Amino acid sequence: MKNLFVLVGLVCFCSCSNKYQDMSNESHDYQIIPQPEYLSMQQGRFLLNSATKIIAEESLHNEASYLSDLLEGATGFDVGISKETEEKGNVKLELDASIKNDEGYVLSVSFERIIISGKTAQGIFYGIQSLRQLMPIDIESRQTKIKELTIPAVEIRDSPRFSYRGMHLDVGRHFFPVSDVKKYIDLIAMHKMNTFHWHLTEDQGWRIEIKKYPRLTEIGAYRKGTAIGLAGTRNAPYTYDTIPYGGFYTQEEIKEVVAYAGKQHITIIPEIELPGHSSAALAAYPEFGNTKGPYEVAKRWGIFKEIYAPTEETFAFLEDILTEVIGLFPSKFIHIGGDEALKDEWEKSAYAQEVIKREGLKDEHELQSYFIARIEKFLNANGRDIIGWDEILEGGLAPNATVMSWRGIDGGIAAAKQGHNVIMTPGTHCYFDYYQEAEEKRIEEPITGSVRFTTVEKVYNYEPIPEGLTNEEAKFILGAQGNVWTEYMPTYDIVEYKVLPRMTALSEVVWSSKESRDWESFHSRLQSMVKRYDALGYNYAKYSIISPD
Ligand code: ACM
């Protein structure tokens, strides 16, 4: 009797297996965003069963655990990591030095086995993200336990076009707890983007604990109220609520987030704004301002006249802060802001004028360059490089600075022509706080201060290399980034709504080759992606992805 069961079992296994071996697939089985460099559909499907294991060497256990969590969540099987060498029936992760790009990968799925190889663990992680998109969307809910999880056979060879693929989040105007920041990081990882630009200090709130200067968060992290609705825009008068608002990340929380991002191969670039956007810091430590104040953590949005005084004491204060920042963030880049620093206070300050004279500077723009160059020198001496918004070009660029071009593309062009690295974030295409459609087409969209709009198609058609650069100059364009300014985003669900699906479009801009970009193809693949958003419980601008006419 026992033997009969074994026999029946075997027959079933063979016929089930053959079913998957011969199965043909359709192009809708391969809906991957961003579009891979090379994808060849194959016949047959890999069947994941309760015996499937992940084969990975010790150095790939982080990636293997990520995949194992995904597969176990999808099936309920115990898809453990194994040292065994039998590929058949298993998923193998392996390093392969012959792959040229550090972030590249090869994903090979057949009826018999799955192999993901990469030059680095990071490449393998991206291979896993592609594998994820070949699996049924139900896997994302982590609730449905799929009994017969099959994956279409495929050969993919893939690598990114740009080395910098970023998303930014302003936590100064509104504060988002660690749990939300982690969700944002998950989104970045799913899109094979590799950088999270964390905008940590603002006029409206200082959000990072600095042990040497506790008042930065005791005082600087809280404002006494907030401008209501569209107050102050389009001639609307300012009205404020009186609800104290604030929050900050402890250094322990920062370490937790950095580690969380690191596991998903995301570098976090912290931004400490200087010399402007510093009202919150000056409310806490007025001695580093140009006037006696009074200073307060800003309650409204916009640009403020408050700016650090260019004194030796201020430089010491900022260097102390940056020393703690360096200790928390392993990123090569530290963003030092540099945008929208009004110079009125420096014009009026006898001390600032003295510095201009002492240093042989022409004007306050050159004083800002002097300020930034000193900070750069300090960071370079500590093994880090600076990124600044494109205003840092105005009085002459600091020697090793990377420029983030946001007021259009001219700053990026000028910096590349001067041989400086550039990250493109022009407001026209990369500001995801803008509306997603023209007013007459807008069906549902939370209020936003700016009247401008950027559609998902416009983002998709963005070309980060500006015209007019030589091939040599174009090499300085490291990539692009979506920016999310949160004046009008009091809650994280609005952040999600604003970035999706536009960051999905941007992910293809920064990953896939220029030649392969095709709006119709993307739009069709996006229909699968939004089902994935639904399964993941993401909030997104549904109306902006209806049909492409
Ligand atoms: C910026 O949008 N102020 C960089």
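Read the numbers this way: they start at 1 and go in the same order the structure lists the ligands and their atoms. Positions are given from 1 along the sequence. If you're wondering where the values come from, they're calculated on a predicted model, not measured in any experiment.
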Asker: For ligand 1, which atoms have a heavy atom of W485 less than 4.0 angstrom away?
Answerer: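 Answer for ligand 1: 1 (C), 2 (O), 4 (C).
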Asker: Is the number of heavy atoms from other residues, nucleotides or ligands under 6.0 Å of K417 NZ greater than 12?
Answerer: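 Yes.
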Asker: Using a 4.0 Å heavy-atom threshold (strictly under), name the region of E340 that reaches ligand 1: side chain, backbone, both or neither.
Answerer: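 Side chain only; the backbone of E340 stays clear of ligand 1.
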Asker: Going through the checks in order, is the side-chain contact (heavy atoms from CB on, under 4.5 Å) test met by C430 and Y462?
Answerer: CA-CA 9 Å; C430 295; Y462 176 55; 4.1 Å; yes
Asker: Tell me whether the guanidinium CZ or amine NZ of R452 lies under 6.0 angstrom from the six-membered ring centre of Y431 and within 45° of its axis.
Answerer: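 Because its charged atom misses either the 6.0 Å distance or the 45° angle limit, R452 does not stack over Y431.
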Asker: For E312, does the CD atom sit with more than 12 other heavy atoms under 6.0 Å from it, leaving out its own atoms?
Answerer: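 Counting other residues, nucleotides and ligands, CD of E312 exceeds 12 neighbours.
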Asker: Honestly, is K182 close enough over Y260, meaning NZ or CZ under 6.0 Å from the six-membered ring centre and within 45° of the axis?
Answerer: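 Yes.
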Asker: Which atoms of ligand 1 have any heavy atom of Y431 under 4.0 Å away?
Answerer: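 Heavy-atom distances to Y431 below 4.0 Å select 1 (C), 2 (O), 4 (C).
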Asker: Give the residue, atom name and distance (to 0.1 Å) of the protein heavy atom nearest atom 3 (N) of ligand 1.
Answerer: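 It is D339 OD2, 2.6 Å.
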Asker: So, regarding H277 and ligand 1 (criterion: nitrogen or oxygen to nitrogen or oxygen, under 3.5 Å), is there a contact or not?
Answerer: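 In this structure, H277 places no N or O atom under 3.5 Å from an N or O of ligand 1.
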